[in-house]
Amino acid sequence: MFAAERRQLILEMVRANGAVSLRELARVVQTSEVTVRRDVRALEAEGLLDRRHGGAVLPGGFTRESGYPQKSHLAAAEKTAIADVAAGLVQEGEAIVVGAGTTTQELARRLARVPGLTVVTNSLLVAQALAHANRVEVVMTGGTLRGSNYALVGSGAEQSLHGLRVSRAFLSGAGLTAERGLSTSNMLSASVDRALVQAATEVVVLADHTKLGADTMFQTVPTEMITRLVTDEPPAHDDRAGMELQALADQGVQITVAGGGPGASAAADARQARHPRRDVPLPGQRGTRHPGPQLRSAPLPPDSPERQARVADLRRR
């Protein structure tokens, strides 16, 4: 495929979906992510799309929000891996809140197997995923239906959360940075997410690697309020994602990395086969202490006064 043909196909995919990951673009045009990245850079220079961390979006993507059909196909394998790990954090009999989003919808499908669970949500998709779970109680907020993501928003949703207290909140968003935390491109959604956070003792953010480093219009959860991030393994060449994870960990966020998707490097796949889930022991994690390395002094020369003194002391003992 010639470069002009590749770029036309890339542009059509972005226009159809609103946002597409580099992995998916490379798979469809059957080339490497390095080549796709060059194509995306060229299309951005022409003003035809905007680059985002790990993908491409339509121009003006800072304020634009993709609808559910587009988001449900973006990084689908990564979202599944994240949901698998996040479900393992939930115990029987817990009360939790789950926000709106395609990743939290995947989580809800797995929570249907947790007995005695109470789930408070403003998402019709989350509620639908749990509707037939025998031993899971679903509590929905009030509010006004927002059709683009099937979520209840507005003052009714926020007021129904007043006075609520649960163990954990599971949220996703449009972007995540160490500087601003989790963000979204819609003001009403951001306001309800903030209310969900206020009801929880711990906040768990579910965000695939394409969200790392992306910064959208409305902040929902500042970094200092995020207890844990569950994400997927970034591509080996994605230095920016690694730096963002390090910066988040330095601010006290516990990082859990789960399952690699189809574009991950062979090395990353090998690591994940051995360790499908891992907590990254980076500096500054909340509630954890990591002792420094144990240093061993170099051996002393046999004829040194210090060595002879130690030997004499041992003989006396």
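Note that these values count all heavy atoms, side chains included, but never hydrogens, waters or copies made by symmetry.
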*Under the 3.5 angstrom rule, does the side chain of Gln251 hit a backbone N or O of Ala178 as a donor-acceptor pair?*
yes
_Between Thr231 (side chain only) and Ala207 (backbone N and O only), is there a donor and an acceptor less than 3.5 Å apart?_
yes
_On a heavy-atom basis, which atom in Arg113 and which in Pro115 lie closest, and how many Å separate them?_
O-CD, 3.3 Å
*Got His209 and Glu233 here, is their nearest side-chain heavy-atom distance under 4.5 Å?*
no
*Could you point out which residue of Asp84, Val85, Val90 forms a side-chain contact (heavy atoms from CB on, under 4.5 Å) with Arg110?*
Asp84
_Are Glu106 and Ile82 packed together at the side-chain level, in the sense that at least one heavy-atom pair is separated by less than 4.5 angstrom?_
no
*Can you check side-chain contact (heavy atoms from CB on, under 4.5 Å) on Ile226 and Glu224, steps first, answer last?*
CA-CA 6 Å; Ile226 300 174; Glu224 59 269 20; over 6 Å; no
_Carboxylate-amine/guanidinium contact Arg135 Glu92, below 4.0 Å_ = no
_Donor on one side chain, acceptor on other, Asn186 and Thr184, under 3.5 Å_ = no
_If you compare all heavy atoms of Val40 against all heavy atoms of Leu25, which two are closest, and at what distance to 0.1 Å?_
CG2-CD1, 4.1 Å
*Checking Lys79 side chain against Asp208 main chain: does a donor-acceptor pair fall under 3.5 Å?*
no
*Give a yes or no on this: more than 12 heavy atoms of other residues, nucleotides or ligands lie within 6.0 Å of atom CD of Glu46.*
yes
*Counting N and O atoms only, with roles assigned by atom type, does the side chain of Glu33 sit under 3.5 Å from a partner on the main chain of Leu22, one being a donor and the other an acceptor?*
no
*How far does CG of Leu212 sit from CG of Leu176, to the nearest 0.5 angstrom?*
6.0 Å
*Going by atom types only, do Thr256 and Arg228 share a side-chain donor-acceptor pair under 3.5 Å?*
yes
*Taking all atoms of both residues into account, what is the closest heavy-atom pair of Ala174 and Ser185, and its distance?*
CB-N, 4.5 Å
*Quick one: pull up CG in Leu152 and CG in Leu188 and give me the separation to the nearest 0.5 Å.*
12.0 Å
*Cut-off 3.5 Å, side chains only: do Glu158 and Ser191 have a donor facing an acceptor?*
yes
*Report the distance from atom CG of Leu161 to atom CD of Gln198, rounding to the nearest 0.5 Å.*
10.5 Å
*Show your reasoning for whether side-chain contact (heavy atoms from CB on, under 4.5 Å) applies to Leu9 and Leu11.*
CA-CA 5 Å; Leu9 182 54; Leu11 189 57; over 6 Å; no
_Under 3.5 Å side-chain donor-acceptor pair for Ser183 and Thr216_ = yes
*How many angstroms lie between atom OH of Tyr150 and atom CG of Leu125, to the nearest 0.5 angstrom?*
7.0 Å
*Measure from the side-chain N and O atoms of Thr104 to the backbone N and O of Gly99, and report whether any donor-acceptor pair falls under 3.5 Å.*
yes
_Counting C-beta onward and ignoring hydrogens, is there a side-chain heavy-atom pair between Val29 and Ile10 closer than 4.5 Å?_
yes
_Within the structure provided, determine whether Val28 and Met13 are in side-chain contact (heavy-atom separation under 4.5 Å)._
yes
*Side-chain heavy-atom pair Val197, Asp193 within 4.5 angstrom cut-off*: no
_Closest non-hydrogen atom pair between Ala95 and Val166, with its separation_ = O-CB, 3.1 Å
*Kindly compute the distance separating OG1 (Thr103) from CG (Asp232), expressed to the nearest 0.5 Å.*
9.5 Å
*What's the spacing between Phe170 CZ and Glu202 CD if we round to 0.5 Å?*
8.5 Å
_Worked verdict on Val230 versus Val205 for side-chain contact (heavy atoms from CB on, under 4.5 Å)_ = CA-CA 6 Å; Val230 183; Val205 170; over 6 Å; no
*Atom of Gly101, atom of Ser172 and distance for their closest heavy-atom approach*: CA-OG, 3.8 Å
_Considering all heavy atoms, the nearest Ser189-Arg146 contact_ = OG-NH1, 3.4 Å
*Which is it for Leu111 and Val126 under the side-chain contact (heavy atoms from CB on, under 4.5 Å) test, yes or no, and what are the steps along the way?*
CA-CA 10 Å; Leu111 295 180; Val126 168; over 6 Å; no
*Can you tell if the side chain of Leu248 reaches within under 4.5 Å of the side chain of Thr223, non-hydrogen atoms only?*
yes
*Between the main-chain N or O of Val204 and the side-chain N or O of Thr227, is there a donor-acceptor pair closer than 3.5 Å?*
no
*asked:* Given Arg6, which partner from the list Thr35, Thr31, Asp39 fulfils the side-chain hydrogen bond (donor to acceptor under 3.5 Å, both in side chains) test?
replied: Asp39
_A side-chain contact here means heavy atoms from C-beta on lying under 4.5 Å apart; do Thr118 and Ile96 qualify?_
no
_Over 12 foreign heavy atoms within 6.0 Å of CD, Glu44_ = yes
*Salt bridge present between Glu24 and Arg27 (N-O < 4.0 angstrom)*: yes
*Should Arg168 and Val203 count as side-chain neighbours, where that means a heavy-atom distance under 4.5 Å?*
no
*If you measure only the distance, is there a donor-acceptor pair under 3.5 Å linking the side chains of Ser167 and Glu94?*
yes
